[in-house]
Participant: 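Got a structure here, written out as C-alpha cells. Questions coming.
Just so you know, these numbers come straight off a predicted model, no measurement behind them.
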Amino acid sequence: MKKILIADDDAELRATLRTLLPKEYEVLEASNGREAVEAAAKERPGLILLDVTMPLLCGVDALAAIKAVDPAVVVIMLTSESDIETAKEALRLGAAAYVTKPFDMEALMSEVRSTMKPEAVDRNDRPWRMKA
Amino acid sequence: MDTKVKNAGRANAPNQAAPFSVSRIAVTAVIIFGTWQLIYHWLFMVMIPMPGMLASHLANLLVASVGTALITTYCVHILRGLNLRLQESDWQKNLLTQAIVHDLRQPLSAMLAGLKALREEDSLSPEERKLLLATAQSSSSRLLEMTNDLLDISGLEEGQPLVALRETEPEKFIEEGARILAPLAAANGQALKVSLPGRLPPVSGDEDRLRRVVTNLVGNALKFTPRGGTILVAATHDAGRSELRVSVADTGPGVPVELRPRLFEKFARIAREQRGGRASMGMGLYFCKVVVEAHGGRIWFESGREGGATFIFSIPAARRHEKPGG
C-alpha cells in the first residue's frame, strides 16, 4: 500500500486530512519537522504534505533533509504564510507545490491523486507552481 | 535553517535607532553653550585684550556660527534616530499583524476543510462525520481562545483591571488548563502528567485567565517536545513567600542562551523561529506574562544544560481575613 505522510503541528488538520485522504493509501503522521524527517527515512512514503511552520525543525529544513535521503519523494508544502521567499526556497529545494492555507481541499486531493497514480513514474518531473 | 529563508522577514527591518532622550539633549546643549562661552572669553580676555569692536564682532560671529552648526548637526542626528525608531515600530507592527494572521488561519484550515466535506461528501461514514465535527469544534474553540488572548493582552496593556477576581482553588484551573490539551498530547505520543500536592493555598484571581496561562504553557511545551517526551505540570506552595508556584517542565531541546532574554517579549516569534523551527505567533508566552503580572505575580523559566525547559509562574496566595478579637 502506498504511503502518504502528513507533517503538521496542527493535530486537528492532521485528523481532518487523514479522514479525507483516499482510503487506498496508508496515512502516516508527524507533528514536527524532526519526526517528518525520521518518518520519511524509515517509511519511504510516496507523498509528503509538509507544513512550513513547525517546531523543532521547520518545514524548509525538513524538506532539504528529506530530499537528501529520498530525492524521488513528492513533497507538497502547506503554509499559512504567503512569504514568497520561503516559497521560492522550498521550490528550489524540490517541493512539487506550495499550497497556502486555508486551502482548497478538492485541489489538494486532485494533486494527491495525480501524484500517487501508478503512471507517475518520474514524480519530480512536475511543473513547479504555487497554489492559493 | 537556511539563513536566507530564516532571515527573510528581517530583511526589511530598519537599522538600530540612535539613542535619544531629553536629558541627553539638555546635557549636550549645556556642553555646547559652555564651550562657546569658554572660547569667547579666551579670545577676548587672553588672545585679543583690546582688539576693537570689529574684531570683537567677527570673533563673536565665528563662534556663534560654529555653535549653531554643531546644534543643527546634532538635531539632524536626533531626527534621524527618531525616524529609525518610527520605522522599527512600524516594522514590528507589520510583523505582529503577519503573525496574528498566520495563527488565525491555522485552525481555519481544518474547520473549512472538514465542514466542506461534511456538506459535500456523501461517502463519509457516521464515524468520520463525527470526527470531522469534533475537529471543527475543537478548531473553532482554539480560534476563540486565541482571539480572547489578543483582546485580553490589549485590555491588560491599557491597564484595565482583571474583572473576575475571586478566591479560587488552584487545583481547578491547573488541572483544567492541562486536561484541555491531553488529547493533543496523546495524539503527539507525549506523556502529559499533572502532579499536585495534597493541599494548595487558594489564590485571588481570574480563574479563566489563569487556566489559559496553564494551557498556553502546556501548549508551548507540547510544541517543543518530541514524540515520546514528557510534560510535567506541578504546583507547590511557598509558605515563606506566601505564594503559589506552578511549573510546566518539558523534555524538549531547551531554550538557547541567546534567545532567553526575549522569550516573554511581544514579538518573540522571531526568536522562536530561530529555535530550530518555526512556531506560532509567540503571543502565548507574552499573554502569560501579562496575566501573571496583573495578578501581582512573576513568570520565568529555567533551561537545563542537557535540554528541557521549565516555565514557572508564581502568584500571591489569597489573604485570609483574620477574625476580630482573636
Side-chain angles (χ1 to χ4, degrees), chain A residues 7-23 29-39 49 51-65 78-90 92-93 99-109, chain B residues 1-2 4-9 11 98-99 101-114 116-117 120-121 123-125 127-129 131-132 134-139 142 181 183-190 220 222-227 252-253 272-273 275-280:
Chain A
D8 198 306
D9 61 335
D10 184 343
E12 281 99 7
L13 186 64
R14 291 202 309 271
T16 303
L17 286 172
R18 174 185 275 278
T19 308
L20 298 179
L21 280 169
K23 300 291 179 288
E29 291 186 27
S31 60
N32 60 61
R34 279 190 201 163
E35 279 182 17
V37 175
E38 287 166 10
L49 303 175
D51 185 28
V52 170
T53 311
M54 284 193 292
L56 297 180
L57 188 69
C58 80
V60 178
D61 280 354
L63 171 65
L78 309 175
T79 179
S80 305
E81 298 177 36
S82 46
D83 177 6
I84 194 73
E85 288 301 319
T86 308
K88 279 159 70 177
E89 182 68 9
R92 189 186 66 76
L93 288 168
V99 181
T100 309
K101 297 178 188 173
F103 43 76
D104 179 1
M105 203 63 196
E106 277 175 25
L108 184 67
M109 288 303 134
Chain B
M1 184 179 197
D2 187 280
K4 187 180 167 189
V5 176
K6 187 167 23 183
N7 295 331
Q98 283 175 20
V101 168
H102 165 268
D103 274 21
L104 294 180
R105 269 180 166 181
Q106 193 79 4
L108 277 173
S109 300
M111 280 167 65
L112 289 174
K116 190 168 186 239
E120 294 175 0
E121 291 287 334
S123 59
L124 291 169
S125 69
E127 289 75 27
E128 286 173 333
R129 288 182 174 277
L131 190 144
L132 288 176
T135 30
Q137 187 184 17
S138 169
S139 295
R142 189 150 59 98
L181 293 173
L184 179 61
N188 288 348
Q190 299 156 325
N220 187 61
L222 289 174
K223 271 188 185 297
F224 289 98
T225 301
R227 185 173 290 271
R272 296 176 73 190
E273 281 178 3
R275 200 183 163 185
R278 291 183 175 191
S280 56

Participant: Please assess A/E106 against B/E120 for the test side chain to side chain contact (heavy atoms under 4.5 Å, CB included), listing each intermediate value before the final yes or no.
Facilitator: CA-CA 11 Å; A/E106 277 175 25; B/E120 294 175 0; 3.4 Å; yes

Participant: Examine distances only and state if a side-chain atom of A/E12 and a backbone atom of B/A136 form a donor-acceptor pair shorter than 3.5 Å.
Facilitator: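 Looks like no, no N/O pair under 3.5 Å.
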
Participant: Does B/K223 reach the side chain of A/D9, with side-chain heavy atoms less than 4.5 Å apart?
Facilitator: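 They are in side-chain contact.
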
Participant: First locate atom CG of A/D104, then atom NZ of B/K116, and finally report the distance between them rounded to the nearest 0.5 Å.
Facilitator: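 Output value for this atom pair is 5.0 Å.
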
Participant: Out of B/L108, B/N188, B/T225, return the one with the most heavy atom pairs under 4.5 angstrom to chain A.
Facilitator: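 Greatest number of close heavy-atom pairs with chain A: B/N188.
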
Participant: Determine whether B/R105 and A/D10 satisfy the following criterion, salt bridge (charged side-chain N to carboxylate O under 4.0 Å, His left out), listing intermediate values before the conclusion.
Facilitator: CA-CA 11 Å; B/R105 269 180 166 181; A/D10 184 343; over 6 Å; no

Participant: What residue, out of B/S139, B/P107, B/A110, has the most heavy-atom pairs lying under 4.5 Å from chain A?
Facilitator: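 Option with the greatest count: B/A110.
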
Participant: Give me the atom names and distance for the closest heavy-atom approach of A/T16 to B/A113.
Facilitator: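 For A/T16 versus B/A113, the nearest heavy atoms are CG2-CB, 4.0 Å.
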
Participant: Is any side-chain heavy atom of A/L20 closer than 4.5 Å to a side-chain heavy atom of B/L124?
Facilitator: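 Result yes, sub-4.5 Å side-chain heavy-atom pair found.
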
Participant: CG/A/N32 to CG/B/L222 distance, rounded to the nearest 0.5 angstrom?
Facilitator: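 Those atoms lie 11.5 Å apart.
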
Participant: Is there a salt bridge (charged side-chain N to carboxylate O under 4.0 Å, His left out) between B/E128 and A/K23? Walk through the geometry before answering.
Facilitator: CA-CA 12 Å; B/E128 286 173 333; A/K23 300 291 179 288; 3.1 Å; yes

Participant: As a quick check of understanding, evaluate side chain to side chain contact (heavy atoms under 4.5 Å, CB included) for B/T135 and A/R14, giving each step before the final call.
Facilitator: CA-CA 10 Å; B/T135 30; A/R14 291 202 309 271; over 6 Å; no

Participant: Looking only at non-hydrogen atoms, find the nearest pair between B/S109 and A/P102 and report the distance.
Facilitator: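 For B/S109 versus A/P102, the nearest heavy atoms are OG-CA, 3.5 Å.
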
Participant: Measure distances from B/P183 to the heavy atoms of chain A and classify the residue's part below 4.5 Å as side chain, backbone, both or neither.
Facilitator: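 Answer is neither: B/P183 stays 4.5 Å or more from chain A.
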
Participant: Contact between B/E127 and A/T19 at the side-chain level, heavy atoms closer than 4.5 Å - yes or no?
Facilitator: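 B/E127 does not reach A/T19 side chain to side chain.
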
